[in-house]
Q: 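Below is one structure. I have some questions about it.
Quick note: numbers below take in every heavy atom, side chains included, and nothing from hydrogens, waters or symmetry partners.
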Amino acid sequence: MTVRTVGRRAGAMLAVTGAVASLAGVASADSNGKLFQGAGRGPTAEVAIQSAIDDAATSAGGEQLYTCTPVGEPEVFESTNDPNFGHVFRAMATVSCTP
């Protein structure tokens, strides 16, 4: 897992770029399940990753897909000067879900 320290505007651009790259990379990895991507934040990288996985699994539950497995490596972004939260981690994770 690589933690990136970025500013507010650069982080948003990296998040968009990372989302496109990670979906392209995992689309061929699992053809049996449907892919969902989630985002989360927290005081530590681990909390942010778990929040992102939970977010993706919650989205899958809306389509009655309840068995989810993380796919690929989650992306973690660290910000030390966020105006609302100070030092915070944000993460993106992709899961493959089946009924």
Side-chain angles (χ1 to χ4, degrees):
M1 168 180 62
T2 302
V3 177
R4 297 182 180 109
T5 303
V6 295
R8 187 176 183 149
R9 291 189 179 140
M13 193 55 147
L14 283 174
V16 171
T17 304
V20 172
S22 71
L23 279 178
V26 297
S28 62
D30 187 357
S31 60
N32 296 330
K34 188 169 181 181
L35 297 177
F36 293 85
Q37 192 162 34
R41 68 173 158 77
T44 66
E46 292 79 16
V47 171
I49 292 168
Q50 187 59 51
S51 179
I53 291 170
D54 292 345
D55 181 49
T58 299
S59 296
E63 295 188 26
Q64 297 181 347
L65 301 172
Y66 300 110
T67 304
C68 297
T69 305
V71 176
E73 189 78 18
E75 294 190 60
V76 178
F77 306 92
E78 180 181 19
S79 175
T80 57
N81 60 352
D82 186 86
N84 296 318
F85 302 106
H87 187 208
V88 66
F89 292 87
R90 291 181 177 82
M92 293 186 314
T94 304
V95 297
S96 174
C97 301
T98 57

Q: Nearest heavy-atom pair of Leu65 and Cys97: which atoms, and what distance?
A: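 Heavy-atom minimum between the residues: CB-CB, 3.8 Å.
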Q: Considering all heavy atoms of both residues, which atom of Asn32 and which atom of Thr98 are nearest to each other, and what is their separation?
A: O-CG2, 4.1 Å
Q: Looking only at non-hydrogen atoms, find the nearest pair between Ala45 and Val76 and report the distance.
A: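 Shortest heavy-atom separation between Ala45 and Val76 comes out as CB-CG1, 4.0 Å.
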Q: Nearest heavy-atom pair of Gly33 and Ser96: which atoms, and what distance?
A: CA-OG, 3.4 Å
Q: Under the rule for side-chain contact (heavy atoms from CB on, under 4.5 Å), what residues qualify as partners of Tyr66, not counting sequence neighbours?
A: Gln64
Q: Rounded to the nearest 0.5 Å, how far apart are OG of Ser59 and NZ of Lys34?
A: 10.5 Å
Q: Quick one: list whatever passes side-chain contact (heavy atoms from CB on, under 4.5 Å) with Thr44, sequence neighbours left out.
A: Glu46, Val47
Q: Can you list, by chain and residue number, the hydrophobic cluster partners of Phe85 when the side-chain cut-off is 4.5 Å?
A: Val88
Q: Return a table of donor-acceptor pairs under 3.5 angstrom between the side chains of residues 50-57 and protein atoms on other chains or two or more places apart.
A:
| unit_1 | atom_1 | unit_2 | atom_2 | d |
| --- | --- | --- | --- | --- |
| Gln50 | NE2 | Asp54 | OD1 | 2.9 |
| Asp55 | OD2 | Ala39 | N | 3.0 |

Q: Does any pair with a residue in residues 83-99 pass salt bridge (charged side-chain N to carboxylate O under 4.0 Å, His left out), and if so which ones, sequence neighbours excluded?
A: Asp82-Arg90
